[in-house]
Amino acid sequence: ETGVTQTPRHLVMGMTNKKSLKCEQHLGHNAMYWYKQSAKKPLELMFVYNFKEQTENNSVPSRFSPECPNSSHLFLHLHTLQPEDSALYLCASSQVTDNEQFFGPGTRLTVL
Amino acid sequence: DAKTTQPTSMDCAEGRAANLPCNHSTISGNEYVYWYRQIHSQGPQYIIHGLKNNETNEMASLIITEDRKSSTLILPHATLRDTAVYYCIVRLLSNDYKLSFGAGTTVTVRA
């Protein structure tokens with residue numbers, strides 16, 4: 001499989017659930033990103049990882065917890081979310097010095 | 001990063017060239033112009049980028065004015081599959097690789 005993949009593609013969860021989103025890139029990149037896209041809003045950068053180290057946390061609430069075990073995988077752990085967290089969550093990757101970011105298809109999250 | 005201004009929406013006819021304008025009057029000398037697009041319910045897709053010179057690839061052409069205060073993305077032969085939101089982004093080419101997406105231009109290609 002090539003490019004950036006995300007699983008699951010759709011997720012419905014209650015406010016007390018714990019779930020995880022997974023992102024995998026097969027491009028040999030060293031940087032990975034999580035973005036959030038709410039309805040009718042621009043994409044918002046959430047987290048940036050560079051060589052597995054978190055270099056950016058864009059004031060994201062602690063109910064979102066990222067994990068980057070290696071340069072090919074990125075997770076977003078979710079717990080006690082709110083309905084307003086319902087959105088499309090996008091993962092992207094790039095080379096460290098190359099600014100062309102490649103995006104995955106996203107996970108459509110609905111919090112009930 | 002410099003801010004950009006794009007029209008909210010535009011229509012174009014299938015098979016014709018689509019010209020998408022972007023104003024970036026506060027762009028600095030070391031900032032690049034990037035274009036991405038996002039087809040409905042998919043992740044954004046990189047199209048093209050440039051600094052001063054016009055650029056062309058298999059997807060599109062990028063025309064940057066001599067003063068660099070504006071640019072135009074050209075889709076030479078628009079198809080229905082080009083219907084998407086197109087984002088013009090200006091940013092430094094550095095280790096700070098943040099992409100600031102605005103509202104973009106919603107392009108609808110009509111048969």
Side-chain angles (χ1 to χ4, degrees), chain A residues 2-7 9-10 21 23-25 27 29-51 53-60 74 86-110, chain B residues 1-9 22 24 27-28 30-52 55-60 62 71 73 81 84-107:
Chain A
T2 60
V4 181
T5 58
Q6 290 186 242
T7 54
R9 294 295 308 277
H10 300 272
L21 309 184
C23 175
E24 185 172 0
Q25 58 97 359
L27 302 168
H29 290 165
N30 294 306
M32 298 188 76
Y33 314 76
W34 279 116
Y35 287 85
K36 174 185 178 183
Q37 188 172 33
S38 303
K40 301 190 184 301
K41 289 186 179 180
L43 276 79
E44 303 170 56
L45 180 65
M46 300 175 71
F47 301 104
V48 180
Y49 276 81
N50 183 15
F51 286 101
E53 298 296 321
Q54 186 181 128
T55 59
E56 179 80 19
N57 177 338
N58 201 21
S59 302
V60 180
L74 185 65
S86 298
L88 181 67
Y89 288 85
L90 291 155
C91 173
S93 71
S94 71
Q95 290 288 358
V96 175
T97 57
D98 182 348
N99 293 284
E100 180 180 336
Q101 291 184 18
F102 291 82
F103 285 79
T107 295
R108 175 69 63 185
L109 174 67
T110 302
Chain B
D1 293 343
K3 291 185 178 179
T4 63
T5 304
Q6 298 178 252
T8 303
S9 64
C22 179
H24 31 79
I27 192 171
S28 62
N30 56 353
E31 286 184 312
Y32 284 68
V33 180
Y34 276 75
W35 284 84
Y36 280 76
R37 73 179 182 183
Q38 187 174 20
I39 296 170
H40 182 62
S41 295
Q42 296 183 21
Q45 177 188 22
Y46 166 82
I47 301 173
I48 199 167
H49 75 279
L51 182 62
K52 295 181 183 178
E55 302 288 343
T56 295
N57 63 21
E58 65 277 5
M59 289 183 68
L62 174 61
S71 60
L73 179 75
R81 288 175 293 181
V85 179
Y86 286 77
Y87 300 99
C88 171
I89 302 165
V90 293
R91 52 184 301 244
L92 292 167
L93 186 66
S94 67
N95 284 334
D96 178 16
Y97 25 71
K98 298 176 190 175
L99 286 175
S100 297
F101 288 83
T105 297
T106 299
V107 174

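- For Leu88(A) against Gln42(B), the heavy-atom pair with the smallest separation is CD2-O, 4.4 Å.
- Of the listed residues (Pro44(B), Gly43(B), Gly102(B)), the one with the most heavy-atom contacts under 4.5 Å to chain A is Pro44(B).
- The shortest non-hydrogen separation linking Ser41(B) to Arg108(A) is OG-NH2, 4.1 Å.
- Atoms CD and CD1, from Gln101(A) and Ile89(B) in turn, are 8.5 Å apart once rounded to the nearest 0.5 Å.
- The side-chain heavy atoms of Leu90(A) and Gln38(B), taken from C-beta on, include a pair separated by under 4.5 Å.
- Contact of the Phe101(B) side chain with the Gln37(A) side chain is not registered, since no non-hydrogen atoms from C-beta on lie closer than 4.5 Å.
- Listed for the Tyr46(B) side chain is no donor-acceptor partner under 3.5 Å among the backbone atoms of Phe103(A).
- Under the ring pair (Phe, Tyr, Trp, His ring centres under 6.0 Å) criterion, Phe47(A) pairs with no residue, sequence neighbours left out.
- Residues satisfying the side-chain contact (heavy atoms from CB on, under 4.5 Å) test with Gln45(B), not counting sequence neighbours, are Arg37(B), Met59(B).
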